[in-house]
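Encoded as structure tokens, the structure appears first; notes follow it.
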Amino acid sequence: MFALVDCNNFYVSCERVFDPSLNGRPVVVLSNNDGCFIARSNEAKALGLPMGGPAFKYRDLLRKHRVAIYSANFPLYGDMSGRVMNTIGDLSPGIEPYSIDEAFLDLSGFGRIGLVDHCRMVRRTVSRGTGIPVSIGIAPTKTLAKLANRMAKKDPAHDGVCLLVDAPSARDAMGAMAVGQVWGIGSRHTAFLGRHGIGTALDLADAPEAWVRKHLHITGARVQAELNGRSCLPLELVRPRKQSICTSRSFGSPVTGLDALGEAVAHFATKCALKLRGENGVAGLVTVFACTSPFEEPAARYWGTRTVALSLPTQDTLAIVRTARAVLEDIFRPGFRYRKAGVILAEIAPAAGASQPLPLFVQEDASPTASVRLMQALDAVNSRYGPGALRVASDTASSWKQHQERLSPHYTTDWNDIIDIRP
DNA sequence: TCTGGGGTCCTAGGACCC
DNA sequence: TCTGGGGTCCTAGGACCC
């Protein structure tokens, strides 16, 4: 048996933990650059504010209903996520954190008796320990646990915990659920299935298997099997190493010059290298992209991207920044209003030290040991004095800064912000 | 004026190997 | 006249997730 624990309106709930006056009010959290809605309280959903909707199109509605608006505060949400995951992990034999606000649990060994009681206890403990409300779905496959979770959220009668244990109750639930709500069935497949008379999750479960395999491929076939109670997706207790690491941002206002773009790219490359060291990996490839807004006139649009191999796989900020800036110079075209840029690291391998094969023709002089020690010193300084206390000179946010006009304090990750909120 | 960011997996087709 | 079988790797594009 699997359980899926999912935090309710997670980012909004994080803000409410530290400002209880937000309870009962409509609240939204905006994406980076204060662009779109990425979290909404139930009250905000009831007003018709859509997930992903651009905030500027709803300005009147937001003002009229005095909706509380927040810029995304990812340091806060990430920290709160860690607290929720630790609390759940302490209460479960196996846990797979699936996203910032969700985790699958292994409930094997509980038998059928006591599953719901146990999950109610998990829910109470998370609420008491972190202040975050969660919903829990329990079922024999991950896909059905997702479905059960949705029911737990939708129907207050479940009081936050829904168990789908036998085929008849699963079929009832699937009959009442649109196929597009099923985990793994996105908008494209929903439209395709609709054209073939498949409208509910139950229709998909009962469709001919060969037909599903042919048109929805192996991933769709797995979804169908899981709906029918055959588990295809095991709990992944160890997180696999990342295959790519990306840092990208839209700019607060358009950027036209190579210098300003270079500052942004240096900043993104620096963040990528830090994430890479957090994974204890080295990267072999660096991709840089810079583009205009997709809402520009077609003639004013540009999408530049290029990937190069590092001469030696590395986790060194200086080497990665140097490479990324060189790539940027190559893809930069003057005369465009750049709206977004990013850096992607790939071919990530463990930083295994001695076991690492060396290339036949090494161009770099610096010994790996010196680089490792320099990065340790860099990370130690920034960990003690704050991100960016020690950085490459080109890493500056002077001209491409994002809009973050309604940012809440970093309540759990910055002493200065805690001092600021004292009365 | 204003529209996010970070990921994964799968398939088809081309090019290549013995 | 007649022309095999079994693979790998790479890339672009599509689809999905939160």
Side-chain angles (χ1 to χ4, degrees), chain A residues 4-11 28-40 49-60 62 69-74 77-78 81 96-104 142-143 146 149-150 179-193 213-223 232-233 236 239-254 264 268 271-272 275-276 278-279 285 287 289 291-296 301 303 305 307 309 337 339-348 402-406:
Chain A
L4 176 67
V5 184
D6 191 316
C7 301
N8 301 346
N9 311 332
F10 181 54
Y11 301 159
V28 295
V29 175
L30 303 179
S31 61
N32 271 322
N33 227 14
D34 293 347
C36 308
F37 305 126
I38 56 170
R40 304 157 298 151
L49 299 170
M51 188 64 173
F56 75 89
K57 286 193 178 170
Y58 295 88
R59 186 164 320 146
D60 293 342
L62 293 167
I69 303 169
Y70 284 86
S71 303
N73 186 345
F74 289 112
Y77 310 149
S81 172
E96 175 192 338
Y98 173 67
S99 73
I100 193 166
D101 72 333
E102 281 172 89
F104 286 104
K142 283 181 163 181
T143 305
K146 274 280 209 182
N149 187 283
R150 187 168 271 276
V179 72
Q181 312 277 4
V182 174
W183 188 42
I185 304 298
S187 58
R188 283 327 202 20
H189 286 339
T190 301
F192 172 81
L193 291 169
R213 175 65 182 82
K214 181 178 174 196
H215 294 285
L216 268 55
H217 309 133
I218 189 70
T219 39
R222 270 188 214 127
V223 170
C232 306
L233 306 167
E236 289 178 20
R239 186 171 66 80
R241 181 176 296 278
K242 277 199 198 330
Q243 297 178 32
S244 64
I245 290 174
C246 173
T247 304
S248 74
R249 291 288 179 278
S250 298
F251 305 137
S253 47
F268 304 151
K271 291 193 85 163
C272 278
K275 293 180 195 172
L276 182 62
E279 289 273 309
L285 295 179
T287 301
F289 66 88
C291 54
T292 54
S293 165
F295 303 99
E296 287 273 10
R301 278 181 225 162
W303 223 100
T305 180
T307 301
R337 290 157 37 93
R339 201 61 219 220
K340 180 176 177 175
V343 174
I344 305 167
L345 303 180
E347 278 193 0
I348 294 168
Q402 295 208 298
H403 296 301
Q404 273 194 326
E405 285 171 14
R406 298 164 181 276

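Throughout, protein chains are lettered first and strands after them, A, B, ... in sequence-line order, and every chain is numbered starting at 1. In what follows, every heavy atom counts, from backbone to side chain, and hydrogens, waters and symmetry copies are set aside.
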E102(A) and S99(A): side chain donor to acceptor below 3.5 Å: yes
Minimum heavy-atom distance P97(A)-A103(A), with the two atoms named: CA-CB, 4.0 Å
Take the protein atom [atom1] of [X] and the nucleotide atom [atom2] of [N], then report the distance between them rounded to whole Å.
X	N	atom1	atom2	value
N73(A)	dG5(B)	CG	P	16 Å
E296(A)	dT1(B)	CD	P	12 Å
Y58(A)	dC2(B)	OH	C1'	14 Å
H403(A)	dT1(B)	NE2	C1'	8 Å
F74(A)	dG4(B)	CZ	C1'	8 Å
N33(A)	dT1(B)	CG	C1'	12 Å

[X] atom [atom1], neighbour heavy-atom count above 12 within 6.0 Å:
X	atom1	result
R241(A)	CZ	yes
K146(A)	NZ	yes
R301(A)	CZ	yes

Sugar-phosphate only, base, or nothing, as touched by Q402(A) at under 4.0 Å among non-hydrogen atoms: sugar-phosphate
Contact check, side chains of L233(A) and W183(A), non-hydrogen atoms, under 4.5 Å: yes
Separation of F56(A) CZ from C36(A) SG (nearest 0.5 Å): 9.0 Å
Interatomic spacing from CG in L30(A) to CG in N73(A) - rounded to 0.5 Å: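 One gets 12.5 Å once the value is rounded to the nearest 0.5 Å.
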Hey, is the side chain of [X] poking within less than 4.0 Å of OP1 or OP2 on [N], counting only N and O atoms?
X	N	value
S250(A)	dT3(B)	no
R339(A)	dC2(B)	yes
K340(A)	dT3(B)	no

Pair E236(A) + K142(A), salt bridge at N-O below 4.0 Å: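 Looking at E236(A) and K142(A), the cut-off is not met.
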Verdict with supporting geometry, Y11(A) and Y70(A), ring-ring contact (aromatic ring centres under 6.0 Å, His included): CA-CA 9 Å; Y11(A) 301 159; Y70(A) 284 86; over 10 Å; no
Secondary-structure stems, DNA chain C, at least 3 Watson-Crick or G-U base pairs under 3.5 Å: B:5-18 with C:5-18
For nucleotides 16-18 of chain C, tabulate all protein N/O to nucleotide N/O atom pairs closer than 3.5 Å, reporting atom names and distance.
unit_1, atom_1, unit_2, atom_2, d
dC16(C), OP1, G186(A), N, 2.9
dC16(C), OP1, G186(A), O, 3.2
dC16(C), OP1, H189(A), N, 2.8
dC16(C), OP2, S187(A), N, 3.4
dC16(C), OP2, R188(A), N, 3.0
dC16(C), O5', G186(A), N, 3.3
dC17(C), OP1, G184(A), N, 2.9
dC17(C), OP1, I185(A), N, 3.3
dC17(C), O3', W183(A), NE1, 3.4
dC18(C), OP1, K146(A), NZ, 2.8
dC18(C), O3', S99(A), OG, 3.4
dC18(C), O3', D101(A), OD1, 3.1
dC18(C), O3', E102(A), OE2, 2.9

P-based separation of dC18(C) from dT3(B) [nearest Å]: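 Looking at atom P only, dT3(B) and dC18(C) are 25 Å apart.
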Protein proximity profile, nucleotides 6-14 of chain B - base contact B, sugar-phosphate-only contact S, no contact -, cut-off 4.0 Å on heavy atoms: SSSSSS---
Plane angle bin for W303(A) and F289(A) - parallel if under 30°, tilted between 30 and 60°, otherwise perpendicular: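 Judged by the thresholds at 30° and 60°, the geometry between F289(A) and W303(A) is parallel.
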